[in-house]
Amino acid sequence: MDPRAGVLVLVCLTAFCSGEFVKFIDCGSTSGKVATVDIHPCDSQPCQLHKGDSYTVNVTFSSVVESPTSQAVVHGIIAGVPVPFTIPEEDGCKSGIQCPIQKQQTYHYQATLPVKAEYPSIKLTVEWELRDNNNNDLFCIKFPVQLV
């Protein structure tokens, strides 16, 4: 097999297996800029999150500031009211980011979003922030999901 064909097959399989990028709204990223967001597994939009399962949230962003720390804050927006979502690891420096965060560098944040069985079956918007040491948003994104 031609090595170029093998590389093409690998790229196609990687894109197929990783799912599609999630459509998101930037909700106030002041210390960084988001490039992509993807949730695994998520085959359609809004992502259908099954109660009792966990999902991987990946955000690729670049920072415009230096920060020794980063802290994730997650809310579900239900009828306009932000409801805190607990995630297993709030420390962004333990979620794929090597700290200290440097200016003009690209980072790949990865976190787990557990969907508790007791959550109601509803459509909502997830607001996910990663804050720097000054409590400014390295990123703030919103994306729709449906809990099933």
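Keep in mind the model is a prediction, meaning the values are calculated, not measured.
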### Query
Can any side-chain N or O of Asn134 pair as donor or acceptor with the backbone N or O of Asn136 at less than 3.5 Å?
no
### Task
Nearest 0.5 Å please: distance from the CG atom of Asp53 over to the CG atom of Leu113.
11.0 Å
#### Entry: Hydrophobic cluster identity match, Val83 and Leu147, side-chain contacts under 4.5 Å
yes
### Query
Ile122 and Phe85: same hydrophobic cluster, using ILVMFWY side-chain contacts below 4.5 Å?
yes
### Message
If I take atom CG from residue Leu138 and atom OG from residue Ser29, how far apart are they, to the nearest 0.5 angstrom?
### Response
8.5 Å
### Query
Sub-3.5 Å donor-acceptor pair from the side chain of Gln105 to the main-chain atoms of Glu66, do we have one?
no
## Note on the structure
Closest non-hydrogen atoms of Ser70 and Cys99, given as atom of the first, atom of the second and distance, are OG-SG, 4.3 Å
### Query
If every non-hydrogen atom of Pro144 is compared with every non-hydrogen atom of Pro46, which pair is closest and at what distance?
O-CB, 3.5 Å
### Query
Which class fits the ring pair Tyr109 and Trp128: parallel under 30°, tilted 30 to 60°, perpendicular over 60°?
perpendicular
### Query
So Ile77 and Leu124, side chain to side chain contact (heavy atoms under 4.5 Å, CB included) or not? Walk me through it.
CA-CA 6 Å; Ile77 309 296; Leu124 65 128; over 6 Å; no
### Query
Hey, what do you get for CD1 (Ile39) to CZ (Phe143), rounding to the nearest 0.5 Å?
4.0 Å
### Query
If every non-hydrogen atom of Gln45 is compared with every non-hydrogen atom of Val22, which pair is closest and at what distance?
NE2-CA, 3.5 Å
### Query
Backbone N or O of Ile101 within a donor-acceptor pair of the Ser67 side chain at under 3.5 Å?
no
### Query
side chain to side chain contact (heavy atoms under 4.5 Å, CB included) between Val64 and Lys33: does it pass, once the steps are laid out?
CA-CA 8 Å; Val64 296; Lys33 180 166 176 52; 5.9 Å; no
### Task
Check whether more than 12 heavy atoms from other residues, nucleotides or ligands sit under 6.0 Å from atom CD1 of Ile25, and answer yes or no.
no
### Message
Test: salt bridge (Lys or Arg N to Asp or Glu O under 4.0 Å). Region: residues 89-109. Which pairs qualify, not counting sequence neighbours?
### Response
none
### Query
What pairs with Phe24 under ring-ring contact (aromatic ring centres under 6.0 Å, His included), at least two apart in sequence or on another chain?
none
### Message
Counting only heavy atoms from other residues, nucleotides and ligands, does the tally under 6.0 Å from CD of Glu118 exceed 12?
### Response
yes
## Note on the structure
Here the gap from Thr56 atom OG1 to Gln110 atom CD, rounded to the nearest 0.5 Å, amounts to 5.5 Å
### Message
Just checking Lys123: does its NZ atom have more than 12 heavy atoms from other residues, nucleotides or ligands closer to it than 6.0 angstrom?
### Response
no
### Task
Check whether Val59 and Val73 end up in the same hydrophobic cluster, where Ile, Leu, Val, Met, Phe, Trp and Tyr are linked by side-chain heavy atoms less than 4.5 Å apart.
no
### Task
Show your reasoning for whether side chain to side chain contact (heavy atoms under 4.5 Å, CB included) applies to Glu129 and Glu127.
CA-CA 7 Å; Glu129 299 169 86; Glu127 180 180 85; 3.7 Å; yes
### Message
Please give me the minimum heavy-atom distance between Val115 and His50, naming the atom from each residue.
### Response
CB-O, 3.8 Å
### Message
If I compare all heavy atoms of Lys51 with all of Ala117, which pair ends up nearest, and what's the gap?
### Response
CD-O, 3.6 Å
### Query
Going through the checks in order, is the side chain to side chain contact (heavy atoms under 4.5 Å, CB included) test met by Ile87 and Thr112?
CA-CA 7 Å; Ile87 57 173; Thr112 300; over 6 Å; no
### Message
On a heavy-atom basis, which atom in Gly28 and which in Asp26 lie closest, and how many Å separate them?
### Response
N-OD1, 2.8 Å
### Query
Out of curiosity, Ser63 OG to Asp132 CG, how far, rounded to the nearest 0.5 Å?
7.5 Å
### Query
Which pairs pass ring-ring contact (aromatic ring centres under 6.0 Å, His included) with one or both residues in residues 56-78, sequence neighbours excluded?
Phe61-Tyr107, Phe61-Phe139
### Task
State the OG-CD distance between Ser95 and Gln71, to the nearest 0.5 angstrom.
9.5 Å
